[in-house]
Amino acid sequence: MTEHPAGGHAGAADGHPGRVRVRFAPSPSGDLHVGNIRTALYDWAFARHTGGTFVLRIEDTDQTRVTPEYIDSALDTLRWLGLDWDEGPGVGGTYGPYLQSERLGRYAEWAQRFLETGHAYYCYCTQEELAERRAAARASGGPSGYDGHCRDLTAEQVAAYQAEGRKPAVRFRMPSGSTTFSDLVLGEVTVDNAHVPDFVLVRADGSPLYTLAVAVDDVLMKITHVVRGQDLLSSTPRQIAVYRAMGVAEDEFPAFAHLPYVLGKDGQRLSKRNGVVSVNWYRHEGFLPEAICNYLALLGWSPGENRESFTLAEMAAEFDLARVSKNPAQFDAAKLEAINGDKIRALDRGDFATRITPFLQRAGLVADPVSEEEARLIEAGAPLIQERISRLTEAVGMLGFLFTGEADFAVDPGDAAKVLTPDAAPVLKAAEAALADVTPWKWEAIKEALHLALVEGLGLKPRQAFAPVRVAVTGRRVSPPLYESIELLGRERTLARLARALSASA
RNA sequence: GGCCCCGUCGUCUAGCGGCCCAGGACGCCGCCCUCUCAAGGCGGUAGCGCCGGUUCAAAUCCGGUCGGGGCUACCA
């Protein structure tokens with residue numbers, strides 16, 4: 001595997017002569033979900049693979065749903081994942097601004113031109129009237145889109161509506177015929193325009209809609225490839241119609257690639273109800289960005305040859321839209337977690353220690369910034385748990401015993417009830433005696449002493465012998481390896497905990 | 001209802017006419033290792049939706065059918 005994220009196949013994918021320009025254009029009305037990120041990842045990988053430009057544009061024309069907080073959060077999430085953009089919020093670029101809310105004038109201008117050229121018309125229908133006619137059309141079995149009511153209003157009709165005080169929306173006049181485009185993932189797609197109703201470009205309040213803004217911006221920003229979710233497939237004929245109305249030459253149209261859906265656990269569309277979909281949630285839960293990217297990459301794309309593990313750079317080097325699946329994929333959190341465990345184990349020791357530190361801090365186990373002693377314990381404890389956890393948050397439970405003072409230390413009640421029974425008293429007593437004068441205080445010597453006292457001395461099976469000691473010292477039945485844990489804890493604290501457990505179990 | 005897209009193990013996928021009585025991964029089950037839990041090793045479970053057609057030969061091509069999803073908004 002080569003390490004060249006940028007491949008230099010500029011424009012090769014489908015005959016576009018110029019440099020590739022791909023955009024990711026989210027409309028952040030909440031946390032970015034795994035489906036959004038999968039799209040962003042493919043957009044990014046395609047741009048990097050072709051040596052093109054990755055443009056980030058925020059589609060915030062619906063300001064009731066998209067807030068500045070969500071936008072900031074989206075940018076933060078993308079940065080965290082390592083999906084860097086070449087043009088967009090924060091980095092600028094020659095085709096900005098990159099927030100649609102700052103480009104309103106351009107949309108208004110084009111809407112006005114469409115009105116003048118007859119590509120668009122004013123529609124005075126009210127929402128109630130539309131809903132009523134839609135229901136009627138559907139009941140009679142016909143297409144349920146806009147019926148063209150205001151397409152060819154007479155001057156008198158317009159005057160009458162205006163006299164009523166109606167505020168018109170601007171509607172696009174969809175031409176007859178059909179629209180065919182070659183989708184880089186799906187192949188050739190043809191749609192009869194009769195099934196594409198005249199759509200609204202500008203709301204009655206003057207604000208532009210997606211259908212107008214997306215087409216205008218893709219043209220103005222010189223986008224060559226529109227790689228997006230399949231939910232937008234049916235809007236493609238409309239988008240193409242707007243290009244034509246704008247006077248864009250056919251061979252200047254961007255190429256389209258519609259990615260298959262990412263579905264929830266139940267095979268239904270992603271939502272809060274069928275599994276956790278917020279990428280920020282996974283981040284908070286201790287998932288690595290490299291694991292999220294690797295897993296999401298696999299949802300609809302595969303490098304072939306049974307390879308499943310790769311870095312972002314490797315993905316960029318190999319990514320190819322032709323290998324993108326047409327099938328929808330179900331999001332499987334269990335596999336994500338398995339990959340997360342792999343990525344955690346692949347981290348080098350120092351990196352792993354660095355990554356778990358914020359989680360220990362958040363749990364209040366260590367200070368921020370960490371003290372010298374805490375840093376020493378983290379560094380020494382990290383290797384003990386690195387291959388035992390699949391989420392960084394698990395470090396809290398595994399290493400908590402090291403960072404808890406003797407006054408606050410408490411054994412898990414459930415584990416205590418199961419293990420620290422009266423039967424355990426002799427074991428704890430023997431362990432206490434054996435550890436009292438072990439030298440040196442190293443895990444090898446500790447191991448030897450405990451074996452001598454418990455396995456040979458008391459004739460216990462290792463399993464039975466070490467369970468009470470483990471619970472007494474670490475507070476849980478599941479812990480890092482015992483001898484190493486004891487060494488790290490130190491003689492004084494270990495003996496104190498054994499004594500305390502002894503008095504509790506007696 | 002109309003239109004569009006899709007259909008290989010439970011899930012993600014490899015496969016693009018013979019290499020496939022279908023390979024990998026996650027999950028699940030068993031065994032080994034073992035101070036717990038993991039990790040690791042070994043083995044197992046399970047699939048080409050269905051019906052026709054083309055072909056010497058089909059998971060791979062074609063048609064139909066059934067099933068799933070999406071769109072049908074003054075959301076994106």
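Chain A is the first sequence line, chain B the second, and so forth, proteins listed ahead of strands; every chain is numbered from 1. As the structure is a computational prediction, the values presented were derived from the model and not from experiment.
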For [X], answer base if it contacts any base atom (sugar-phosphate contacts may also be present), sugar-phosphate if it contacts only those atoms, and nothing otherwise; contact means non-hydrogen atoms under 4.0 Å.
X	value
A:Cys123	nothing
A:Arg345	sugar-phosphate
A:Phe331	nothing
A:Ser479	base
A:Ile385	nothing
A:Gly229	nothing
A:Ala467	nothing
A:Ser309	nothing

Which nucleotide, if any, forms a Watson-Crick or G-U wobble pair with [N], using both distances under 3.5 Å?
N	value
B:rC61	B:rG53
B:rC21	none
B:rU34	none
B:rC28	B:rG44
B:rG67	B:rC6

Open item on the list: I'd like to know if A:Gln230 reaches the base of B:rG70 with its side chain such that a donor and an acceptor end up less than 3.5 angstrom apart.
Closed with: no

Task: Check: A:Asp231 side chain, B:rG70 base, donor-acceptor under 3.5 Å - done: no

Task: Spacing between A:Glu305 atom CD and B:rA14 atom P, to the nearest angstrom - done: 12 Å

Task: Check: A:Tyr42 ring centre within less than 6.0 Å of A:Phe319 ring centre - done: yes

Task: Spacing of the C1' atoms in B:rA58 and B:rG63 (rounded, Å) - done: 15 Å

TODO: Indicate whether OP1 or OP2 belonging to B:rU8 is found under 4.0 Å from a side-chain N or O atom of A:Asn327.
DONE: yes

TODO: Indicate whether OP1 or OP2 belonging to B:rC5 is found under 4.0 Å from a side-chain N or O atom of A:Ser234.
DONE: no

TODO: Over 60° means perpendicular and under 30° means parallel, so classify the ring planes of A:His451 and A:Tyr483, tilted if in between.
DONE: tilted

Open item on the list: Are the side chains of A:Arg103 and A:Asp217 in contact, using a 4.5 Å heavy-atom criterion?
Closed with: yes

Open item on the list: Can you tell whether the side chains of A:Glu484 and A:Lys442 come within less than 4.0 Å, N to carboxylate O?
Closed with: no

Task: Sidechain N-carboxylate O distance under 4.0 Å for A:Arg307, A:Glu318 - done: yes

